[in-house]
Amino acid sequence: MRLVLFGPPGSGKGTQAPFLTERYGIAQVSPGETLREDAREQTELGKVAQTYMEKGELVPDDVIITLIRERVSWPDAAAGFVLDGCPRTLPQAEALDRMLVAQDAPLDRVLYLKVSQEVLEKRLGGRWTCPHCGRVYSEVVPEKTRGICDDDGVELIQRDDDQPEAVKRRIQVYIDKTMPVLEYYRRKGLVLELNGDQSVEEIRDEIMRALDGGD
Ligand code: AP5
């Protein structure tokens, strides 16, 4: 199964993706997470990506397209993948299509998490991340000891791009550059629209029902 998880910053893509990987035995492909890992390790790619990410801007298309091409060729993606936060521009969507056409392996579904702006701001403001391992915590996924990562005991922080100015910019970039990708997929009849304001479990169940029932 080949899926795209689509939605604005904070809509819950990263939260839902692991359910899909587990249920369908597919790989999670998250450019944002990969780039944050690179930034933590201060690789050349990470240093460049960080300058865009901390301001809430998109990383250039050629970087993302190369990253996706490489990642979907890994063995764990042989049975399929869920792309979390990609494609985010029309050139990325077109490049992905060309890649998949060449493999005769088209996308099955684009799962669109539609979330109100008020809920997005609340979720992003309440997200805490481990600077060491990247694990995410919030009201719905709380840590055991307040402010401390369960896995490695490191103090949790807020992502640079979860600061109010960067959040505003990310939402504007989403409207300007990423929303056209949704229309692109609507024209192909691939979009399944979900109410992303619901609880994590309600959204998960709605996705599973649609995918298992073939809605
Ligand atoms: P990326 O990491 O992809 O960030 P994003 O798309 O902005 O999404 P987020 O990670 O902020 O949110 P999410 O939808 O995954 O929500 P989450 O599940 O964490 O990208 C970061 C940056 O990398 C970009 O700005 C860009 O610079 C670069 N980048 C990445 N991909 C790129 C691309 N293709 N092209 C160019 N640049 C790219 O949930 C958010 C919070 O809400 C969490 O705390 C969670 O616990 C909570 N939550 C989740 N679901 C629910 C629920 N149903 N109810 C209550 N709380 C919930």
Side-chain angles (χ1 to χ4, degrees), residues 4-20 28-40 45-46 48-69 71-72 82-96 111-116 118-130 134-143 156-163 165-182 194-207:
V4 168
L5 257 177
F6 189 97
S11 55
K13 303 180 296 294
T15 301
Q16 296 295 332
F19 298 129
L20 296 165
Q28 178 174 349
V29 178
S30 309
E33 191 45 49
T34 305
L35 295 170
R36 271 189 295 280
E37 247 173 66
D38 272 84
R40 280 196 291 276
L45 171 63
V48 173
Q50 197 170 16
T51 62
Y52 294 94
M53 294 169 81
E54 64 194 9
K55 288 186 279 196
E57 301 293 342
L58 294 181
V59 173
D61 285 337
D62 56 338
V63 173
I64 298 291
I65 292 165
T66 305
L67 195 151
I68 296 300
R69 184 172 290 121
R71 182 62 185 88
V72 300
V82 51
L83 290 170
D84 153 21
C86 177
R88 276 166 124 106
T89 64
L90 284 173
Q92 290 180 21
E94 288 159 359
L96 177 66
L111 307 170
Y112 169 37
L113 299 173
K114 189 176 181 193
V115 180
S116 61
E118 193 192 330
V119 170
L120 289 182
E121 287 174 8
K122 181 166 176 271
R123 286 190 192 164
L124 292 173
R127 173 168 59 188
W128 291 84
T129 307
C130 174
R135 188 164 162 187
V136 172
Y137 299 91
S138 68
E139 202 173 74
V140 293
V141 195
E143 63 278 21
L156 303 179
I157 57 160
Q158 289 205 286
R159 269 167 51 176
D160 288 340
D161 62 352
D162 280 349
Q163 303 305 318
E165 273 312 300
V167 166
K168 236 187 261 166
R169 182 65 196 142
R170 285 161 72 200
I171 291 175
Q172 194 56 47
V173 167
Y174 171 77
I175 293 167
D176 295 343
K177 297 196 172 151
T178 307
M179 283 301 274
V181 176
L182 185 63
L194 300 142
N195 173 5
D197 282 354
Q198 301 176 95
S199 72
V200 171
E201 294 74 21
E202 284 168 329
I203 298 168
R204 181 197 60 199
D205 293 348
E206 203 180 324
I207 293 176

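Every number for a ligand or one of its atoms is a count from 1 in the order of the listing.
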[X] neighbourhood, listing ligand 1 atoms whose heavy-atom distance to it stays under 4.0 Å:
X: L124; answer: 11 (O)
X: I203; answer: 53 (N)
X: P31; answer: 31 (N)
X: V200; answer: 50 (N), 51 (C), 52 (C), 53 (N)
X: E57; answer: 26 (C), 27 (O)

| Does atom OH of Y52 have more than 12 heavy-atom neighbours, drawn from other residues, nucleotides or ligands, at distances under 6.0 Å? |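 It does not: Y52 OH has 12 such atoms or fewer within range.
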Close N or O approach ([X], ligand 1; < 3.5 Å):
X: G12; result: yes
X: S138; result: yes
X: G14; result: yes
X: D161; result: no
X: G85; result: yes
X: Q92; result: yes

For [X], is the nearest heavy atom under 4.0 Å from an atom of ligand 1?
X: Q16; value: no
X: G56; value: no
X: S199; value: yes
X: G10; value: yes

Measure the distance from [atom] to every protein heavy atom, then report the residue, atom name and distance (to 0.1 Å) of the closest one.
atom: atom 9 (P) of ligand 1; answer: R127 NH1, 3.3 Å
atom: atom 49 (C) of ligand 1; answer: T15 OG1, 3.3 Å
atom: atom 11 (O) of ligand 1; answer: R170 NH2, 2.5 Å
atom: atom 53 (N) of ligand 1; answer: Q198 O, 2.9 Å
atom: atom 22 (C) of ligand 1; answer: M53 CE, 3.8 Å
atom: atom 8 (O) of ligand 1; answer: K13 NZ, 3.3 Å

| request: Tell me, with the steps shown, if E118 and S116 meet side chain to side chain donor-acceptor pair (under 3.5 Å). | output: CA-CA 5 Å; E118 193 192 330; S116 61; 5.4 Å; no
Who's closest to [atom] heavy-atom-wise, of [options]?
atom: atom 37 (N) of ligand 1; options: D84, L67, V59; answer: V59
atom: atom 32 (C) of ligand 1; options: E139, E201, R88, R159; answer: R88
atom: atom 57 (C) of ligand 1; options: K177, R123, R169, E54; answer: R123

| query | Taking only residues two or more places apart in sequence or in another chain, which ones pass side chain to side chain donor-acceptor pair (under 3.5 Å) with R204? | reply |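 None.
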Do any N or O atoms from the side chain of [X] and from the backbone of [Y] form a donor-acceptor pair under 3.5 angstrom?
X: R123; Y: S11; result: yes
X: Q158; Y: G125; result: yes
X: Q92; Y: I65; result: no

Is the closest side-chain heavy-atom distance between [X] and [Y] below 4.5 Å?
X: V173; Y: R170; result: no
X: V4; Y: P87; result: yes
X: R36; Y: R159; result: yes
X: V141; Y: V136; result: no

| query | With under 30° as parallel and over 60° as perpendicular, where do the rings of F6 and Y174 fit, or are they tilted in between? | reply |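 Ring orientation, 0 to 90° scale: tilted.
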| query | Is E33 salt-bridged to R40, cutoff N-O under 4.0 Å? | reply |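 Result for this pair is yes, salt bridge flagged.
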| request: Determine the minimum heavy-atom distance between A49 and L35, stating which atoms define it. | output: CB-CD2, 3.9 Å
| said: Tell me which pairs pass salt bridge (Lys or Arg N to Asp or Glu O under 4.0 Å) where either residue lies in residues 50-60, with sequence neighbours left out. | reply: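 Those involving residues 50-60 are E57-R169.
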| ligand 1 versus V140, non-hydrogen atoms closer than 4.0 Å: side chain, backbone, both, neither? | side chain
| query | Side chain, backbone, both or neither: which part of T89 has a heavy atom under 4.0 Å from ligand 1? | reply |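 T89 to ligand 1: no contact under 4.0 Å from either part.
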